Engineer: 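Here it is, the structure, as structure tokens.
When a ligand or atom number is given, it counts from 1 through the structure's own listing order. Note that the structure is a prediction, hence the values are computed from the model and not measured.
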Amino acid sequence: MDIEALFGLSGKVVLITGASSGIGLHIAKVYAQAGAKVVLAARRRDRIDKAVAELRLQGHPALGVYLDVTESASIAAAFQEAESHFGAGIDVLYNNSGIIYQKPFLEQEESEIARVFDTNLKGAMLVAQEAARRMAMRGSGVIINIASTAGLRAGGMLSSYGASKAALIQMTEVMALELASKGIRVNAICPGNIETDMQESLKAFEQALIRRTPMKRFGRPEDLDGVSLLLASEAGRYMTGVSIPVDGGQVLAWM
Ligand SMILES: NC(=O)c1ccc[n+]([C@@H]2O[C@H](COP(=O)([O-])OP(=O)(O)OC[C@H]3O[C@@H](n4cnc5c(N)ncnc54)[C@H](OP(=O)(O)O)[C@@H]3O)[C@@H](O)[C@H]2O)c1
């Protein structure tokens, strides 16, 4: 068995949304190391450009594209630019952009609720639609939605965030159902607490969260490497419609 061929992404074009920081930036580097041509997409162009320059210096084919998932015109433009640059369609979408507001249910403002759903759900859906339409024409593709354990269990002060991620998990299943016949696999990853900028808003609860995590630590972006490679590669060829927690056992001990 050729393990490299099984888990590798040689020659594949992968578009990662939210690649300007945290999980998205890290996974873009992992996929590049696995042989993929990577497209880093987000709004903060300076960060994307810096990451792309570093990847190219290491010899990896990489492209940065501006993307605001709340603007459908920018989604179409990003895919167009990526496909023109590499002269090939997107093989894998890592659908990762997301935002969080951690506030009590009664204090969440309408604008914050709208922003969370526009980014985490509607934005993710529009990006996935754009990818799936293009993949369907070629008869193959992989979509990985980044959900959260907050979409599997109730997390205090995460009503809009948790609801958006629960909906993303449901959307993953429906997409998998509808798109299998077009050669497209769709799965989700549900990270627990992962040390990124997003965790800054949870600082006050850090120790309590670690105490209730069976593995007694927060995750790091690299803890998502294995599952991200599995789902993107040939190794995951018979997997679709699953949402996989990567959380040090958090959902098992949820109270
Ligand atoms: N860290 C955790 O504990 C954790 C746990 C479970 C799930 N997640 C999920 O993992 C994903 C990545 O989060 P992270 O932890 O890596 O946090 P992060 O460092 O804050 O990354 C979030 C990314 O989303 C992008 N983004 C936000 N709004 C966007 C928009 N309108 N259009 C395009 N991109 C947008 C940001 O890029 P720009 O601002 O440059 O556009 C940024 O690159 C999110 O979906 C998050 O919900 C994280």
Engineer: So which bit of R47 gets within less than 4.0 Å of ligand 1, heavy atoms only: side chain, backbone, both or neither?
Structural biologist: neither
Engineer: For atom 18 (P) of ligand 1, what is the nearest protein heavy atom, given as residue, atom name and distance?
Structural biologist: S21 OG, 3.5 Å
Engineer: Please state which protein non-hydrogen atom is closest to atom 24 (O) of ligand 1 and give its distance, to 0.1 Å?
Structural biologist: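 The closest heavy atom on the protein side is G98 N, 3.3 Å.
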Engineer: Which of these, P191, G219, S20, P221, has its nearest heavy atom closest to atom 37 (O) of ligand 1?
Structural biologist: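 Residue with the shortest heavy-atom distance to the ligand atom: S20.
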Engineer: Which is it for Q199 and ligand 1 at heavy atoms under 4.0 Å: side chain, backbone, both or neither?
Structural biologist: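 Q199 to ligand 1: side-chain contact only, backbone stays beyond 4.0 Å.
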Engineer: Output the list of atoms in ligand 1 that are nearer than 4.0 Å to some heavy atom of Y161, sorted by atom number.
Structural biologist: 6 (C), 7 (C), 8 (N), 9 (C), 46 (C), 47 (O)
Engineer: With the threshold set at 4.0 Å, does a side-chain nitrogen-carboxylate oxygen contact exist between E206 and K203?
Structural biologist: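 Salt bridge: yes.
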Engineer: For salt bridge (charged side-chain N to carboxylate O under 4.0 Å, His left out), just list the numbers for D223 and R217, CA-CA rounded to whole Å, side-chain angles, deciding distance to a tenth of an Å, and then say yes or no.
Structural biologist: CA-CA 12 Å; D223 292 322; R217 68 167 176 87; 2.9 Å; yes
Engineer: May I have the step-by-step check of side chain to side chain contact (heavy atoms under 4.5 Å, CB included) for M175 and N145, ending in yes or no?
Structural biologist: CA-CA 11 Å; M175 286 171 66; N145 293 322; 4.0 Å; yes
Engineer: At what distance is the nearest protein heavy atom to atom 7 (C) of ligand 1, and which residue and atom is it?
Structural biologist: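 Ranking protein heavy atoms by distance from atom 7 (C) of ligand 1, first comes A147 O, 3.1 Å.
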Engineer: With nothing but distance in play, are any N or O atoms of G24 less than 3.5 Å from an N or O of ligand 1?
Structural biologist: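 G24 vs ligand 1: no N/O contact under 3.5 Å.
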Engineer: Using only heavy-atom distances, determine whether the side chains of R44 and S20 contain a donor-acceptor pair under 3.5 Å.
Structural biologist: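 Yes, side-chain donor-acceptor contact under 3.5 Å.
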Engineer: Pull out every atom of ligand 1 sitting under 4.0 Å from any heavy atom of I99, numbered as shown with elements.
Structural biologist: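 Listed by number with element, the hits are 27 (C), 28 (N).
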Engineer: So is F218 close enough to ligand 1, meaning a heavy atom under 4.0 angstrom away?
Structural biologist: no
Engineer: Counting only heavy atoms not in M125, do more than 12 fall under 6.0 Å of its CE?
Structural biologist: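 Check fails, neighbour count at 12 or below.
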Engineer: Find all atoms of ligand 1 within a distance of less than 4.0 Å from any non-hydrogen atom belonging to G22, and give their numbers and elements.
Structural biologist: 16 (O), 19 (O)
Engineer: Out of curiosity, is H26 lining ligand 1, as in a heavy atom under 4.0 Å away?
Structural biologist: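 Per 4.0 Å heavy-atom rule, H26 does not contact ligand 1.
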Engineer: Going by atom types alone, do S74 and R43 pair a side-chain donor with an acceptor below 3.5 Å?
Structural biologist: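 Their side chains do not contain a donor-acceptor pair, so the 3.5 Å distance test is not met.
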Engineer: I want to confirm something. Looking only at heavy atoms, which of I189, V69, I146, V246 is nearest to atom 9 (C) of ligand 1?
Structural biologist: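 Closest candidate by heavy-atom distance is I146.
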Engineer: Among protein heavy atoms, which sits nearest to atom 31 (N) of ligand 1, and what does the distance come to when rounded to 0.1 Å?
Structural biologist: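 Checked against all protein heavy atoms, atom 31 (N) of ligand 1 sits closest to D68 OD1, 2.9 Å.
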Engineer: Run through I184, V142, V127 and flag the one making a side-chain contact (heavy atoms from CB on, under 4.5 Å) with L93.
Structural biologist: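 Testing each of I184, V142, V127 against L93, the sole residue satisfying side-chain contact (heavy atoms from CB on, under 4.5 Å) is V127.
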Engineer: Could you tell me if T17 and N96 have a donor-acceptor pair between their side chains, going purely by distance under 3.5 Å?
Structural biologist: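 There is no such pair (donor and acceptor under 3.5 Å, judged by atom type) between the side chains of N96 and T17.
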Engineer: Does A41 come within less than 4.0 angstrom of ligand 1, counting non-hydrogen atoms of the residue?
Structural biologist: no
Engineer: Which protein non-hydrogen atom lies closest to atom 44 (C) of ligand 1, naming both residue and atom, and how far is it?
Structural biologist: N96 O, 3.2 Å
Engineer: Look at atom 15 (O) of ligand 1 and say which protein heavy atom is nearest, naming residue and atom and giving the distance to 0.1 Å.
Structural biologist: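 Result: T196 OG1, 2.6 Å.
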Engineer: Check each atom of ligand 1 against the heavy atoms of T119 and keep those under 4.0 Å away; list them by number with element.
Structural biologist: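 So the answer, numbered in order with elements, is 28 (N).
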Engineer: Taking atom CD of E200 as the centre, does the number of heavy atoms from other residues, nucleotides or ligands within less than 6.0 Å exceed 12?
Structural biologist: yes
Engineer: Compute the shortest N/O to N/O distance between N193 and ligand 1 and return yes if it is under 3.5 Å, no if not.
Structural biologist: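 No, there is no polar N/O contact under 3.5 Å.
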Engineer: Between R134 and Q129, does any side-chain donor sit less than 3.5 Å from a side-chain acceptor?
Structural biologist: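 Per modelled atom types, R134 and Q129 side chains form no pair under 3.5 Å.
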Engineer: Distance only, no hydrogens: is a donor on one side chain within 3.5 Å (strictly under) of an acceptor on the other, for S228 and Y94?
Structural biologist: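 Side chains of S228 and Y94: pair found under 3.5 Å.
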Engineer: With a sphere of 6.0 Å drawn around NZ of K103, does it hold more than 12 non-hydrogen atoms of other residues, nucleotides or ligands?
Structural biologist: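 Yes, NZ of K103 has more than 12 neighbouring heavy atoms, counting only those of other groups under 6.0 Å.
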Engineer: Among protein heavy atoms, which sits nearest to atom 34 (N) of ligand 1, and what does the distance come to when rounded to 0.1 Å?
Structural biologist: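 Here the closest protein heavy atom is S97 OG, 2.9 Å.
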Engineer: Are any side-chain N or O atoms of S164 and backbone N or O atoms of Y161, one a donor and one an acceptor, separated by less than 3.5 Å?
Structural biologist: yes
Engineer: Given L67, I23, V127, which one has a non-hydrogen atom that is nearest to atom 33 (C) of ligand 1?
Structural biologist: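 Checking each option, the heavy atom nearest atom 33 (C) of ligand 1 is found in L67.
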Engineer: Are any non-hydrogen side-chain atoms of F7 and L230 less than 4.5 angstrom apart?
Structural biologist: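 Counting from C-beta outward, F7 and L230 do come under 4.5 Å.
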Engineer: Which of the numbered atoms in ligand 1 are under 4.0 angstrom from any heavy atom belonging to G192?
Structural biologist: 2 (C), 3 (O), 4 (C), 5 (C), 6 (C)
Engineer: To check your reading of the model: name the closest protein heavy atom to atom 27 (C) of ligand 1, its residue, and the distance in Å.
Structural biologist: R43 NH2, 3.4 Å
